[in-house]
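Along the sequence shown, residues carry numbers from 1. Counting convention: from 1, in listed order, for ligands and their atoms alike.
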Amino acid sequence: MFVRKELQRLRDSIDNLDAALVHLLAERFKCTQEVGRLKAEYQLPPADPAREAAQIRRLRALAEESKLDPVFAERFLNFIIAEVVRHHELIASNHAAAKRD
Ligand SMILES: O=C(O)C(=O)C[C@]1(C(=O)O)C=C[C@@H](O)C=C1
């Protein structure tokens, strides 16, 4: 009985945290979509390796401070950024196609 209750209590918190993560990611992607539109309009490259290196340095330090595996934090950020760059490329090609038409 104890184990069932304890497992449910922890799973309830996990569900809340997963919901928060989805909301945070949705807000982050809203910002990056705007960045993508700006970059397309001003013909800036989709990826900015210097900015990414600074973000990775910062997140690895934050992860260490909060006892999260920094390797995981870096992989997670790279996973998100790869998707953002893919969106930026799509926005740029749609923008270029709209200008041609
Ligand atoms: O800051 C930018 O220039 C972005 O396009 C956003 C972002 C990110 O998702 O944080 C994505 C791609 C870049 O390479 C760097 C950072």
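Close approach of ligand 1 to Ala47 is summarised as follows: ligand atoms under 4.0 Å from at least one heavy atom of the residue are 14 (O). Every atom of ligand 1 with a heavy atom of Asp48 under 4.0 Å away is listed here by number and element: 13 (C), 14 (O). In summary, the atoms of ligand 1 found under 4.0 Å from a heavy atom of Lys39, numbered by their order in the structure, are 2 (C), 3 (O), 4 (C), 5 (O). The ligand atoms of ligand 1 that sit less than 4.0 angstrom from a heavy atom of Val35 are 4 (C), 5 (O). Every atom of ligand 1 is numbered from 1 in the order shown, and the set under 4.0 Å from a heavy atom of Gln55 is 8 (C), 10 (O), 15 (C), 16 (C).
Side chain to side chain, Glu27 and His23 fail the donor-acceptor criterion of an N or O pair below 3.5 Å.
Of the options His87, His88, Arg28, Glu52, the smallest heavy-atom separation from atom 6 (C) of ligand 1 is shown by His88.
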Take Gln8 and Arg4 through the side chain to side chain contact (heavy atoms under 4.5 Å, CB included) test and state the conclusion after the steps.
-> CA-CA 6 Å; Gln8 192 53 54; Arg4 272 176 192 281; over 6 Å; no
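Tracing side-chain contacts under 4.5 Å through hydrophobic residues (I, L, V, M, F, W, Y), one reaches Ile81 starting from Leu62; they form part of the same cluster.
Ion pairing of Glu83 with Arg86 is present here, as a side-chain N (NZ or NE/NH1/NH2) and a carboxylate O approach within less than 4.0 Å.
For atom 11 (C) of ligand 1, the closest non-hydrogen atom on the protein side is Val84 CG1, 3.5 Å.
Looking at Lys39, its side chain does come within 3.5 Å of a backbone N or O of Pro46 through a donor-acceptor pair.
Listed by first then second residue, pairs satisfying side chain to side chain donor-acceptor pair (under 3.5 Å) with a partner in residues 49-65 read Arg60-Glu74, not counting sequence neighbours.
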